[in-house]
Amino acid sequence: MIHSEVPSHLLYYEVIWMTGLTLGGMAYGSLLTIGIECLFAFHSSANGITKGERKHSYLQRALQAHVFLILIINTFLQAWNIQSHVKEIVFTDPSQFTHFDRDWPNIFVLLLGALTDGLLVWRSYMIQKALFIKRPAGAHNLCWILPMIAYISMISIGVASVILVNPHDPIGTTYAVDDMGLALFFAALVLNVFINLFTSCNIIIRLLLHRRTIITAFGKSCTLAEYSLRISGILLESAAIDIPLTFVAIVGVSLHLEYVSLVMSILVPGQCISSVLVTYQVVRGRSISSSIQEELDSPRVLQVGNLGLCIGILLKKSEPDALFDSAASNTAPRCHPGTREQYIEDFVHWAIPSPLASASLPLRWMKGLAGVGKSAIARSCVDMLNAQSIPFAAFFFLANVRDKPERFFPTIAYQLSLHFPDYRDLLNAKILHDKTIINKTLRGQFQRLILEPLQELSQNGKGIRKQFPIFVDGLDECRSQQAQCDIVHIVADAARTDSPPLLWAFFSRPEPHIEGTFCHARFISLTHAITLPISRSVDGEIELYLRAGFEAILRQRNMQGYQWPSDRDIKRLVDACNGVFNYGVTALRFIGSPFWPVPEEPLRQVLDGSRALSRTISPSDLPSPFAELDTLYLKIMQRIPPGILPLVMRFLTFLCVVKAGGYEGNGVVYFNQPLEPNTSRWLRDYGQPWEFGASFLLFVIRGLGGSIRFYHKSFFDFLVSIERSGPFCVATPTAQSSISEHLVDLHLFYDTNYALSDHEPVAASSHHLSIMLFIVFSAGVMHFDSIKIDLLKKYAGVDFRKALKVTTSLSSSNVSLPGQMMYSNYEGSVRIVQGTELGLLNCQEFAQFNAHGFQQTIERHKAAGILHPVTHYAMAAPHDQFLSGLFIQGSVSKSIFWYWEIDFAAQTYKEVQAIDLDHGMKLFRDENFEEWH
């Protein structure tokens, strides 16, 4: 019992002690529960540790000891508090009511502060290390160095304050310390507050910024639940519970000195709880620093590391599939061992010049007709450089798939950033300062992304010391002839100044405009041109390749040791190749199809076709170098059953004319739509030998959601040339009219057989997706000159309003995506905003835009009743540098508004499609097109 004569101020102290004891006991119970669970987690994770995980095992043991010490010290501290307060309360003589020895509790508090604050400083360092593992941290190291200095100071001051404690002072003060000891105690408390607030806030801010960078730069999306878990992880990782506890301590001490006992009873176990929670995150493998490392090393980030948001923007504007080791390069050709060795060695020696060799010309151009092996040589060269760990960059164009010129220089710049950290940091800063440099003209991109940063580094003594080779394959497959010439002009102009030391190797067909560019008087002295001829001198290499291919066919059929084919047949096949490697490649694909019961039959057909061709050519004729290859392609097409030939021709016309050679997107599922329901089975049901032609020879099909394209551009050239393909040509007006009429009929079919409710949201059903696809398909053929007026009038019956509603409902909002402009085959960027579709051709895409042809198409559609001019709406007056138009597309309830404008000065085309004119025009005027990426 407490004696009635105990002074009132002592009773006040007793209330504070009892409150602190109660709250401290509750906190201790929570700490004990979490700590025991953490120790069990340590025991579970310690099972099965291998020798390679020894370092991790040492860390676990240290953290396990950390948690064990926290629990033991807290247990002693709680026991001391209980026995101390009980003894003080039972005193009846006030003269005997003095403090007991306080050395041990102060030491306990000091040890706990060392453990908890030390862990915070360590976590701050680990997160800093994870975030900057790809580059020097620089001044950012202060974020863990300053807390480390404060931590060492706190320990030193805490030791001094314990030494200066007077254990025999009366209870007149809460802590029995003299003036110096009191000052040191509060200094240590201030440092503790600084460490907890600074490190916790720093970790929270760093991790939130990193999360924003990952989500924004690399498109890493997540559900709300997942995001909440990540935020929770960040709060646990940063010991965020210390922040409110620290503020409680500051407020308590500020109110009255007597509250120090109460504050310490809550603060000490509270900090221990946050420390044990951090340790629990680490031992369970949930630490944010480890997840950061996983993100930086993931294939999705593509070795970006901690390059930041700006390099992420550069990556989004580049073409990862054009890199030499991308997944898309799996089917790309390489030179067979023992073939084209001299060409490969020459390029590698040029790319890695010896100190004694004379200076290399900065430009090399290998030219040759289709099928002679240019791409195989290019890929073999970069493979050899990669095997020798020589830094280089590469870009492999592919017609209508990887053909955008505006992605060329960003891709080269991105690869440079992977090899040179100083360049990467400088480029990151430049993009941060001006994000529009990604969307400059080709020359502007090269100047701002490559030339200027390298020159600046060179002036600062950090430039590229050795020559850096860049391989560019398929230049002729770049989308625009003008862009092809511009690329050569830009790099050649830079090469004339010998700064920076970049070497450029180009591989292309000898197109007249490319040949004229390289032979320009300014560049001819900088260029070493190499002709890869169609020559019988490579018969030995072709034979080597064919024999290896036949051995592979026998292995696949488990026919090793079978004497086939004969030397005579191989000799005849080599003669049929006539110096064209691609003929041998195509023939082996034909013969090696697993759908032939035996391989002798396809080989006989190939040789018979070659023999028949040789009989029709007299010695005085000058046959095409691709005559043998065309004969093989014709034989493949002739084997298609007559019942399915119209469908196959429709598909090939769509692929060659509408999509101009390929589509890197939804693959078989996508291309099933322009045919008919279930009529694309010939792409999937490989039941007859003829079907190998589509599935193994002519196309690359990367899964149902992958891409469809030709194995080699020579087959595309064959199909679009009536002289070579004859009745199988897909570029005739008849073929174009056929596919156009078919697409319009299917569009009308879906229009009339499926209704949309004005009150229900549009779901992602097959019907909706079909309507959306036919908007693209039918619009993609409506600009053809060969389309007859009757078909245009039929197209006027399309429900454009339904189509726009489906498109805007199923597409991502406020995101710029590749898309086709109205009444043209030009692909730009499309963005859906509040049920309205906005379109843009930037200055690079506009270079290919035919304004005159576009206006002619509009006039034809006006005559057919598809477009109706709107004259009552105020618009900017047209002039030499600006054109615009506003139309109603469709009729009555099926119509939409379509507005377009062409700015020749800014070299841009913009358009908007909307159901409500005023709403659509407001969105169009308010949209900041310059920020589209």
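All of these numbers come straight from a predicted model, not from anything done at the bench.
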**Q** Which pairs, with at least one residue in residues 550-566 and sequence neighbours excluded, count as a salt bridge (Lys or Arg N to Asp or Glu O under 4.0 Å)?
**A** none
**Q** Using modelled atom types only, decide if a donor and an acceptor are shared between the side chain of T339 and the backbone of E541 within a distance under 3.5 Å.
**A** no
**Q** Mind listing the closest non-hydrogen atom pair of A864 and A796 along with its distance?
**A**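 Shortest heavy-atom contact: O-CB, 4.2 Å.
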**Q** Do the ring planes of F550 and W564 sit parallel (below 30°), tilted (30 to 60°) or perpendicular (above 60°)?
**A** perpendicular
**Q** Output the distance between atom CD1 (I866) and atom OG (S895), rounded to the nearest 0.5 Å.
**A** 13.5 Å
**Q** Do the side chains of S738 and T653 get nearer than 4.5 Å, heavy atoms only?
**A**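 T653 vs S738: side chains apart.
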**Q** Answer yes or no: is there a donor N or O on one side and an acceptor on the other, between the side chain of S508 and the main chain of D476, under 3.5 Å?
**A** no
**Q** Could you walk me through whether D717 and R724 satisfy the side-chain contact (heavy atoms from CB on, under 4.5 Å) test, starting with their C-alpha distance in whole Å, then the side-chain angles of each, then the deciding distance to 0.1 Å, before giving a yes or no?
**A** CA-CA 9 Å; D717 296 338; R724 296 176 62 182; 3.7 Å; yes
**Q** Is there a side-chain contact between I514 and K367, using heavy atoms and a 4.5 Å cut-off?
**A**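 I514 vs K367: side chains apart.
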**Q** Kindly indicate whether the side chain of I636, heavy atoms from C-beta on, has any atom under 4.5 Å from the side chain of R589.
**A**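 Result no, sub-4.5 Å side-chain heavy-atom pair not found.
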**Q** Mind checking the CZ-CG spacing from F395 to D321? Nearest 0.5 Å is all I need.
**A** 9.5 Å
**Q** Can you give me the closest heavy-atom contact between P405 and R479, atom names plus distance?
**A**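 Here P405 and R479 meet closest at CD-CB, 4.2 Å.
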**Q** What I'd like to find out is whether the side chain of E477 reaches to under 4.5 Å of the side chain of D403, using heavy atoms alone.
**A**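 No. Closest side-chain heavy atoms not under 4.5 Å.
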**Q** Which heavy atom of A587 sits nearest a heavy atom of L573, and at what distance?
**A** CB-CD1, 4.4 Å
**Q** Output the distance between atom CG (L554) and atom CD (Q563), rounded to the nearest 0.5 Å.
**A** 9.0 Å
**Q** Measuring from atom CG of D575 to atom CD of E543, what distance do you get when rounded to the nearest 0.5 angstrom?
**A** 10.0 Å
**Q** Hey, do the aromatic rings of F397 and F408 have their centres closer than 6.0 Å?
**A** yes
**Q** Could you note down all residue pairs passing salt bridge (Lys or Arg N to Asp or Glu O under 4.0 Å) where residues 328-337 supplies at least one of them, sequence neighbours left out?
**A** R334-D383
**Q** Nearest 0.5 Å, what's the CD1-CG distance between I591 and L603?
**A**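 Here the interatomic distance stands at 4.5 Å.
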**Q** Evaluate the criterion salt bridge (Lys or Arg N to Asp or Glu O under 4.0 Å) for residue pair R604 and D569; output intermediate values, then yes/no.
**A** CA-CA 9 Å; R604 182 189 61 79; D569 287 342; over 6 Å; no
**Q** Mark yes or no for whether S326, through its side chain, and A322, through its backbone, hold a donor-acceptor pair below 3.5 Å.
**A**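 Between the backbone of A322 and the side chain of S326 there is no qualifying donor-acceptor contact (under 3.5 Å).
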**Q** Tell me whether the NZ or CZ atom of R402 lies within the 45° cone about the ring axis of F396 and under 6.0 Å from its centre.
**A**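 No - R402 does not lie over the ring of F396 by the 6.0 Å and 45° rule.
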**Q** Looking at S375 and D473, what are the two nearest heavy atoms and their distance?
**A**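 Nearest heavy atoms, S375 then D473: OG-OD2, 2.7 Å.
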**Q** Do the two ring centres, one from Y795 and one from F800, sit under 6.0 Å apart?
**A** yes
**Q** Mind running side-chain contact (heavy atoms from CB on, under 4.5 Å) on L645 and F728 for me, showing each step along the way?
**A** CA-CA 10 Å; L645 180 60; F728 302 106; 4.2 Å; yes
**Q** Looking only at heavy atoms, which two atoms of I570 and P565 are closest? And how far apart?
**A**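 In terms of heavy atoms, the two residues are closest at CG1-CG, 3.6 Å.
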**Q** Is it true that a side-chain atom of S380 and a backbone atom of C335 form a donor plus acceptor pair closer than 3.5 Å?
**A** yes
**Q** Can you check whether I789 reaches R860 side chain to side chain, under 4.5 Å on heavy atoms?
**A**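 I789 does not reach R860 side chain to side chain.
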**Q** Are side-chain heavy atoms of L369 and R509 found at a separation under 4.5 Å?
**A**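 They are not in side-chain contact.
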**Q** Calculate, to the nearest 0.5 Å, the distance between atoms NE2 and OG1 belonging to H852 and T857 respectively.
**A**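 The NE2 atom of H852 sits 10.0 Å away from the OG1 atom of T857.
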**Q** Checking the side chain of K374 only, and the main-chain atoms of G368 only, is there a donor and an acceptor separated by less than 3.5 Å?
**A**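 Looks like yes, one N/O pair under 3.5 Å.
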**Q** Would you find a donor on one side and an acceptor on the other, under 3.5 Å apart, between the side chain of Q484 and the backbone of C478?
**A** yes
**Q** Do the non-hydrogen side-chain atoms of L804 and E837 ever get within less than 4.5 Å of each other?
**A**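 Result yes, sub-4.5 Å side-chain heavy-atom pair found.
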**Q** Run H861 and Q889 through side-chain contact (heavy atoms from CB on, under 4.5 Å) and show every step you take.
**A** CA-CA 9 Å; H861 284 236; Q889 184 185 26; over 6 Å; no
**Q** What are the two closest non-hydrogen atoms of V372 and P533, and how far apart are they?
**A** CG1-O, 4.4 Å
**Q** How far apart are the C-alpha atoms of Y583 and V606, what are their side-chain angles, what is the distance that settles it, and do they pass the side-chain contact (heavy atoms from CB on, under 4.5 Å) test?
**A** CA-CA 11 Å; Y583 182 92; V606 171; 3.4 Å; yes
**Q** Quick one: do K794 and D790 satisfy salt bridge (Lys or Arg N to Asp or Glu O under 4.0 Å)? Show the steps, please.
**A** CA-CA 6 Å; K794 183 188 291 187; D790 292 340; over 6 Å; no
**Q** With a 6.0 Å cut-off (strictly less than), is the heavy-atom count around CD1 of I722, excluding the residue itself, greater than 12?
**A** no
**Q** Would you check if L544 and R547 make a side-chain contact, meaning some heavy-atom pair closer than 4.5 Å?
**A** no
